[in-house]
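Read the structure below first, then the notes.
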Amino acid sequence: MSHKRPEGTDDILPDQIPLWLRFEQIARGVFGRYGYLEVRPPLFEHTRLFLKTSGDTTDVVEKQMFTVPSRSEGEDSYTFRPELTPGVIRALIENGLFHKRPLWKVFYIGPMFRYEKPQKGRTRQFHQFGVEAVGSKEPLLDVETMAVLADVLREVGVKEFALQVNTLGCPDCREAYRGRVRQAMGERLLEYCESCRRRFERNVLRVFDCKVETCARLAESLPAIADFVCADCRAHFEKVLEGLRDAGLEYVINKRIVRGLDYYSRTVYEFTSTALGAQNALGGGGRYDSLVGGMGGPDVGAVGFAAGVERVLMAAKGVEAPAARPDFFVIAAGEEARRAVFRIAQQLRAAGLAGDLDYESRSVKAQMRRANDLRALYAVIVGPEELAKQQAKIKNMDDGVERVVALAEVAGLIGRARE
RNA sequence: GUGCCCGUAGCUCAGCUGGAUAGAGCACCUGGUUGUGGCCCAGGACGUCGCGGGUUCGAAUCCCGUCGGGCACCCCA
């Protein structure tokens, strides 16, 4: 075995494709019903786009980026997208779309790249689908994005999933909250590790990122930001919860949800499943009201989610997607017919039918087996006798019934039977 | 980046405490009709036992190294 796929990548082989197509069809159907339009930004962007938007101390940016140097001197390197929100917003701004409409509801499906140690539900190339509603601060849109994801999950066949929501407040809230954390942390400061005591001085909130076990445990007892958000943010969150109830979406408030990216504000949420093992997040999202303006666009609010296609497919295990059946398989009986079968297949294809033939000179029995393996609707058998009379024998592979018909009628007969 | 587990045919695996030509099921190919599938039957092809080194009369089996994979921590999709 000389060549192997890179660590953390998967080959999606033909037998898996029907499942993926089914998923994409369902997802596109839901997005379409809610009025979300597809966008396809590039697979890679300038590295600085992610540095400035996702947050330069987040895990994603610190250690998970697939970065390639530019070939031109002095130019920024490129990075394969670890997520697509920055790319989508960049595309909306760069192409001047906000001059056309104030609100853009868009969706995407495609591969993302993160340099991580692979495990169940986590690979270096994976696929996400997501939506972004850009141009409004209305809480109803927070609810709508959650409803979209819930609809996709339900329709795809994910039986058990849970929705957890939280609010992170706005930058002002965070300033006030910072004070509360400092106060609480100060009471037991000596129990924290050295670097956390440094964080206490410079940037208290980073204490929540500390990997030291004792610090992590201490941090659990610190106040949650959701309890200290300002009146406006509180009102926004209440409206979101109210909207979720109106929409019939069950949820639980989880004050520990913070999300792994820096741009979130106010609403954040996660959909989890019990069917996945350690990586139990199906998808997550939230509001990011300062990102668009911060990137040079209009000062408008935005909200969206991203979810993992592989994880959703895993959580929907047991769902079958049958492969499409070919309409015909042309079989040559005897050497003389060999030249004719390709021509006949071409005629049937030209008539809009899908089908194949055996390219090797094999026995009729072997060709029938192939027709059966491919689950062809009809075997079209031609030998010397049929050819002499410009006929073909067509056999319905489901009931075994055979008919001899004129070659010219084969396409029509099979086409009608297919309906 | 850290820890645990695993590498035998295309796939799933068996191969006992080291012993002679490394096996099974599925899949594949051929045949059982002079031109016919699914089930069944017969036969066939397919393996540097991940790789390298060591111990031994003898290694798929024991030891070391290495590469690859899986899972978990962390984080998240």
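Quick caveat: nothing in here was measured; it's all calculated off a predicted structure. A note on names: the letters A, B, ... follow the listed sequences, proteins ahead of strands, and every chain is numbered from 1.
- The separation of rG25(B) from rA20(B), taken at their C1' atoms, amounts to 26 Å, rounded to a whole angstrom.
- When the nearest nucleotides of RNA chain B are assigned to R370(A) and G383(A) by heavy-atom distance, the more 5′-ward of the two goes with R370(A).
- Atom name C1', nucleotides rA59(B) and rC64(B): the rounded distance is 15 Å, in whole Å.
- Looking at which nucleotide of RNA chain B each of T123(A) and V382(A) is closest to, the 5′-most match is held by V382(A).
- Nucleotides rC16(B) and rC11(B) are separated by 22 Å at their P atoms, to the nearest Å.
- Counting distance only, with no hydrogens placed and no angle test, the side-chain atoms of E116(A) and the base atoms of rA77(B) include a donor-acceptor pair under 3.5 Å.
- Pairing partner, rA72(B): rU2(B), with both Watson-Crick or wobble hydrogen-bond distances short of 3.5 Å.
- Counting any heavy atom pair closer than 4.0 Å across all strands shown, A371(A) reaches no nucleic acid atom.
- rC11(B) is paired with rG25(B) under the Watson-Crick or G-U wobble criterion, all donor-acceptor distances under 3.5 Å.
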Query - Verdict with reasoning, K137(A) to D289(A), per salt bridge (charged side-chain N to carboxylate O under 4.0 Å, His left out) - result: CA-CA 7 Å; K137(A) 292 187 161 81; D289(A) 286 340; 5.4 Å; no
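- The pairing partner recorded for rG19(B) is rC57(B), the criterion being a Watson-Crick or G-U wobble arrangement whose two distances lie under 3.5 angstrom.
- Across all strands, E402(A) comes closer than 4.0 Å to base atoms (heavy-atom distances).
- Rounded to an integer number of Å, the gap from F329(A) CZ to rG38(B) P is 14 Å.
- Taking the P atoms as reference points, rG10(B) lies 23 Å from rC6(B), given to the whole Å.
- To the nearest angstrom, P of rC76(B) lies 17 Å from CZ of F50(A).
- Within the 4.0 Å cut-off from OP1 or OP2 of rG70(B), not a single side-chain nitrogen or oxygen of Q119(A) is found.
- Between F129(A) and F23(A), the ring centre distance stays below 6.0 Å.
- With both ends at atom P, the span from rA77(B) to rC4(B) equals 29 Å, rounded to whole Å.
- Side chain to side chain, Y269(A) and T145(A) meet the donor-acceptor criterion of an N or O pair below 3.5 Å.
- F107(A) and Y36(A) have their aromatic ring centers separated by at least 6.0 angstrom.
- Taking atom C1' in both rG7(B) and rG15(B), the straight-line distance is 15 Å, to the nearest Å.
- Under the side chain to side chain donor-acceptor pair (under 3.5 Å) criterion, E270(A) pairs with R259(A), not counting sequence neighbours.
- Considering only side-chain atoms of E7(A), the nucleotide from rG69(B), rG38(B), rG68(B) that sits closest is rG69(B).
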Atom pairs under 3.5 Å, N or O on each side, protein against nucleotides 30-32 of chain B: can you list them with distances?
residue: rG31(B); atom: OP2; partner: S363(A); partner atom: OG; Å: 3.4
residue: rG32(B); atom: N7; partner: K365(A); partner atom: NZ; Å: 2.9

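- The same atom, P, is picked in rG68(B) and in rG23(B); the two are 32 Å apart, to the nearest Å.
- Across every strand in view, rU30(B) sits in a pair with rA42(B) that passes the Watson-Crick or G-U test at under 3.5 angstrom.
- At a threshold of 4.0 angstrom between heavy atoms, the contacts of E360(A) with the nucleic acid are absent.
- Atoms CZ (F23(A)) and P (rA77(B)) sit 15 Å apart, rounded to a whole Å.
- Note on G400(A): a base of the nucleic acid sits closer than 4.0 angstrom, heavy atoms only.
- Other residues, nucleotides and ligands contribute over 12 non-hydrogen atoms within 6.0 Å of the CZ atom of R325(A).
- To the nearest 0.5 Å, atoms CG (D76(A)) and OG1 (T67(A)) are separated by 9.0 Å.
- The side chain of R122(A) lies closest to rC74(B), out of rC74(B), rA72(B), rG35(B).
- With rC74(B), rG35(B), rG37(B) as the candidates, the nucleotide lying closest to the side chain of V364(A) is rG35(B).
- Here, rA60(B) and rU21(B) have their P atoms 10 Å apart, quoted to the whole Å.
- Here the nucleotide nearest the side chain of D373(A), chosen from rA77(B), rC28(B), rG37(B), is rC28(B).
- Among the protein residues, G334(A) comes within range of no part of the nucleic acid, since none of its heavy atoms lies under 4.0 Å from any strand.
- Pairing for rG52(B) goes to rC64(B), judged as Watson-Crick or G-U wobble with the two contacts each under 3.5 Å.
- Within 4.0 Å (heavy atoms only), I331(A) reaches no atom of the nucleic acid at all.
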**Report entry** Trace of the ring-ring contact (aromatic ring centres under 6.0 Å, His included) decision for F80(A) with F66(A)
**Finding:** CA-CA 6 Å; F80(A) 284 93; F66(A) 268 101; 7.1 Å; no
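- No donor-acceptor distance shorter than 3.5 angstrom exists from the side chain of S273(A) to the backbone of L282(A), with no hydrogens or angles considered.
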